[in-house]
Structure formats: structure tokens, C-alpha cells
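Order of appearance sets the numbers: ligands from 1, and atoms from 1 within every ligand.
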Amino acid sequence: MKTLLVSVSGIRGIIGNGLEPQTIVKYSKAFADFCDNKNIVVGRDSRITGEMVKNIVIGTLSASGANVFDIGIVPTPTVQFAVKKLNASGGIAISASHNPNEWNALKLLNSTGQFLTPEENKILIKLSEDQEKQNLYVSWDKIGKISIQTEALKWHKEAVLKLKYINLEQIRARKFKVVLDCVNGAGAWIMPELLRDFGCEVIEVNCEKNGIFPRLPEPLPENLIETMEIVKKHNPDLCIVVDPDVDRLVLIDENGEPFIEENTVALATDFVLSKEKGNVVVNLSTTRAVDDIAKKYGCQVFRTPVGEANVVKKMKEINAVIGGEGSGGVICPALHYGRDALVGTALVLQKLAEFGGKLGELKKTMPKYFITKRKIEIGTQNPDKIISTLADIYKNEKVNLEDGLRIDFDDHWVHFRKSNTEPIIRIIVESSNEKKSSELIEKYLNQIILMK
Ligand code: MG
């Protein structure tokens, strides 16, 4: 089966089996039209199909009359940052994020460097289906200029070092020892250097610039067994793990225990609110720890459907000071409106510098929740029907239907949502007890299985 998924998170598919050159041309052309064929920033993660995809994207944009800034192998947040810096009309980050080697994707960004909104995405899809526009390219003397821009990583890194909450000297004085795992993704091009600028001793794991992910690249504990073993050998202050396009930041403590990805955004929230009180925005799948922390500072938490575009939209609306997604995505508007592991790293290091101890010790001071995430293959079944049946079963509880179904009970919450990229339903359960969370998730999984 060919795999191509077109959604607000981009145009994602398997190379040679869904995401073919003609598809890349189709959406690149539509995007050039979307940007009125002006200036477009293009960057990619390190995967080995990236150069091929990039050449097709850039060629198409230029043939459409758009000027291209090629910023090379960079994190997705660097593309976002560069769009703003270069005052471009849009950007394309070529990365299938946490998907394995065979995947790639075009992540499309508007002139503010943010993911296309659902409305903008509709316009783009319409443009991709407009045959007349699709066949309309410029003459030889009107093609767009392609310029190589090598400064983007530096701009991004320097802005992170100068972030208003950061006391560089205080962090440097701690001389943190950090194990860093970039899964050989774009992080290898920036994270070691960033950490060294923070005065850290860096132990590099999977920081080779070869573009092959040596393990499944999603930064989940089950994919990080080897990394956790390496941590145990080195006795660092903490371990930092990023996904291939460096928008997700996951930590491992000094004992080789997962810090739990949900805690990244909880920790960032605690830190930023300690400096500046204000609104917080996280998605509906994010830990309740964020609510507990915000309450401590007398601040309010707003929840949105999953997806960076949704979180950012709300953050701008209510002028939030911090936000993100439980999967390790920290959004700090003081720098830009995008999930950014570089920013996340800076906030974590500053927090640790102020705290004084190691990451595991800091974790003990945080709210204790156990989140369990599972997915269930539903094949050709209609995910909306499954979710509406569940909504009906729980209609007397506190339900939220903005993104699938979230039900809040006093002692736990559960969130069922279909994936935009795979034929699955994700189930997330959180309670304050590990055993209870696993029992509850089994119960909900069985409920879906019985519907088959
Ligand atoms: Mg990512």
C-alpha cells in the first residue's frame, strides 16, 4: 500500500512508495502559489533522502518564480526562525520528524514562520488541485534565484543564548556534564555546539552526521534503552535527547531513568512562570502536572487540540508566556512561536543551575503523575465512529470533544484521538498511580477492541 498523508502537519509519505517526485512537485508548486512566488526558506533534517527531496522542492519553487533561501541541514525550529529573520513569505522544513528512515515530509510554514493554519491548509490543498495553476511555470528569464544561506544555525543558536530568561554565566559556572543523543538527526549540526556554548561537557551519542537513524527515532523510553545504559556509565548531570528535526526534547536523569517526556513542558512551565506570570497553553493530551504548576503561581492553563498550529494559535490569542505539547515540545514566545528543543534545553539548564542539584533530584520536587500512551490499529474502521460511540458511553462525564474525546475524572483523565498520519487511535491515560494508569488503559483498549 502506498503511503501518503496530507494534513495540517504537512505532506508526509514513504519515499518511493507514496512520496514520489511528482507529489513533491505538486505540493511545492502549490506552496509557491500560496506564497505568491516570493521568497521561501527551505531547510531539511539529516535523513539521506533529504537532499533528493530538497533538490526537487527548490527546483520547483524556482521554476515557479519564487526566490529560495537554502539553509541546509537544520532543525525545523531553525527554519521557522529563519523565515522571520529573512522576512520570507514562507518556509518548507523537509522532515518527517520522528518517523523512521524511509519516511520524509514537507512541513509548510507561513510568513510568520508558523505551521499553516487549517484555513491556510485548505487554500494550499485547493491550489494543489488547480490544474491550470499547477501547469503554469515562469519563462527562463523569470525563474527564482536560489541562494545558499549558511548563517541560519548561528542566528538561531545566538538568539537562544540571549533569551531573556537565561543567565549564561550562571549556567556556564555549573559546568554541566551532559550526555546528548541526537539520533544522528539535524540536532547533530547544532546541539553539541549549543551545549558547549553553555559551558557543558558534552558526551555525544548518535551525533554522527551520516543521516541514518541507528534506532527508531521517536524519543520514547522503549527506543532509548541503549542511551539510558550509556548514561549510567557516565554519571552526568542530565541526558538530553532530541528527535530528528529537534522540535522535541526528552530528558533522562543522571541515573539513566527517563525524566518522562511530559515533564519537559511541565518543567519549562514551572521555570518560565517563576520568572514571569502569565497564561499557559498546552494540548489536550498533556499532563495535569502543568495545571498543578500553574495553580501554584496563580496562573491559568488553556487547552487546545493536539498540533503545534493549534497551540500557537491559542497562545497568540491569549498572550501566553509559555506553552507546548506533552511530547517534549516547548514553545517559548520570548524567542518564537514554535516547538523548539534548543529553547527547551536553555530553559532546563537555567532551571537546573538555579535549583543546584541534578535532574533526578529536581524531578522529585515535581507533581507525580503516570501517563500511559498506547495506540490501537483500527485498519479500515472509521475512527470517528469509534470515538463517537465512546463519547456516547461517557456522555454523563466531563467530556471535551474538541479533538477526539477527552474525559476528565477526578482521579484520572483519558484522551482518545485518531491520528492524522496513521490508521490508528491513540489512547492516553494519566493518573497519580502507575498501576492504575496501566489498568485503566487496558480497560479503554478493550472497550475499543470489543467494538470491532
Ligand atoms: Mg519533530
Is a side-chain donor or acceptor of D270 paired with a backbone partner of A266 at a separation under 3.5 angstrom?
->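 No: the side chain of D270 does not pair with the backbone of A266.
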OD1 (D247) to the Mg ion (ligand 1) to OD2 (D243): angle, nearest 10 degrees?
-> 100°
According to the interplanar angle, ranging from 0 to 90°, do the rings of H156 and H336 count as parallel (below 30°), tilted (30 to 60°) or perpendicular (above 60°)?
->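 Aromatic pair H156/H336 classed perpendicular.
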Can you tell me how far CG of L116 sits from CG of L109, rounded to the nearest 0.5 angstrom?
->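 That separation rounds to 7.0 Å.
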Verify whether one side chain among D243 and S97 offers a donor that lies under 3.5 Å from an acceptor in the other.
->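 Note: D243 and S97 side chains meet the donor-acceptor criterion.
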N, O or S of S97 under 2.8 Å from the Mg ion (ligand 1) = yes
Shortest-distance N/O/S atom, D245 versus the Mg ion (ligand 1) =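 Of all N, O or S atoms belonging to D245, OD1 is the one nearest the Mg ion (ligand 1).
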